[in-house]
Structure formats: C-alpha cells, structure tokens
*Asks:* 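Below you will find the structure I want to go over with you.
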Amino acid sequence: MELARAHNARFLLASTSEIYGDPAVHPQREDYRGNVDPVGPRSVYDEAKRFSEALTMAHHRARGANVAIARIFNTYDPD
C-alpha cells in the first residue's frame with residue numbers, strides 16, 4: 001500500500017465473502033454481517049480476510065492511500 005501511495009496509484013484488495021465466516025444464509029447479500037466462529041476450522045482464513053480489509057482501511061484513514069476493496073460474492077467453480 002505504501003508503494004502504491006508513493007506512486008500515486010490505487011491499491012486494490014480482492015477480498016471475499018469469507019469475512020463473514022460460515023454463513024447462515026445463502027446466497028449472502030452485501031449487507032449480511034456474518035456468523036463468525038473465531039476458533040473453527042476455517043477461522044484462520046476468515047480472520048485473515050477480515051484483517052486484510054481492516055488494514056487496508058486503516059492505511060487509507062491514516063495515510064490517505066487511495067484504496068479499494070472488491071468483495072467477491074457467491075462464486076462457484078465445480079472443478
């Protein structure tokens with residue numbers, strides 16, 4: 001993010017709906033806040049996604065970095 005800011009570029013974080021944890025509803029709407037299990041088998045992945053988004057926004061607020069978060073919802077690949 002600092003490199004992007006130094007070069008006046010936009011930083012794009014590709015996130016997913018995994019920030020909501022194991023969802024209680026399918027498909028998830030963008031206003032859904034989640035069903036988070038902080039110690040479950042997928043918790044490390046879920047927390048990493050949340051941390052990435054929080055860090056991106058903190059950098060934006062503190063340093064004025066030009067950032068965007070694309071949160072990808074409800075994708076599926078059978079392979």
Side-chain angles (χ1 to χ4, degrees):
M1 283 183 275
E2 194 59 37
L3 181 63
R5 190 175 75 84
H7 290 277
N8 201 28
R10 182 170 233 188
F11 176 83
L12 172 63
L13 173 67
S15 190
T16 69
S17 60
E18 293 296 327
I19 66 155
Y20 301 122
D22 188 17
V25 297
H26 290 285
Q28 293 114 32
R29 296 175 5 164
E30 290 190 36
D31 61 351
Y32 179 66
R33 292 294 178 201
N35 184 30
V36 177
D37 179 359
V39 296
R42 293 185 52 83
S43 64
V44 172
Y45 182 70
D46 300 342
E47 295 299 330
K49 289 293 184 181
R50 278 190 289 281
F51 179 75
S52 297
E53 288 193 20
L55 185 63
T56 298
M57 290 310 299
H59 201 72
H60 166 70
R61 289 184 198 103
R63 307 248 182 188
N66 183 2
V67 302
I69 298 172
R71 191 177 295 155
I72 303 162
F73 277 73
N74 304 314
T75 58
Y76 174 74
D77 180 4
D79 297 323

*Asks:* Please list, chain by chain and in numerical order, all residues satisfying side-chain hydrogen bond (donor to acceptor under 3.5 Å, both in side chains) with His59, sequence neighbours excluded.
*Replies:*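 Expected list: Glu2.
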*Asks:* Please list all pairs meeting salt bridge (charged side-chain N to carboxylate O under 4.0 Å, His left out) that have one or both residues in residues 49-69, counting only residues at least two apart or in different chains.
*Replies:* Glu47-Arg50, Glu53-Arg71
*Asks:* Which residues satisfy the side-chain contact (heavy atoms from CB on, under 4.5 Å) test with Ala68, sequence neighbours excluded?
*Replies:*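 Ala68 satisfies side-chain contact (heavy atoms from CB on, under 4.5 Å) with Arg10, Leu12 once adjacent residues are dropped.
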*Asks:* Which residues, ordered by chain and number, are linked to Leu13 in its hydrophobic cluster, where ILVMFWY side chains connect at heavy-atom gaps below 4.5 Å, directly or through other members?
*Replies:* Met1, Phe11, Phe51, Leu55, Met57, Val67, Ile69
*Asks:* Other than Val39, which residues form its hydrophobic cluster under the rule that side-chain heavy atoms must be closer than 4.5 Å?
*Replies:* none
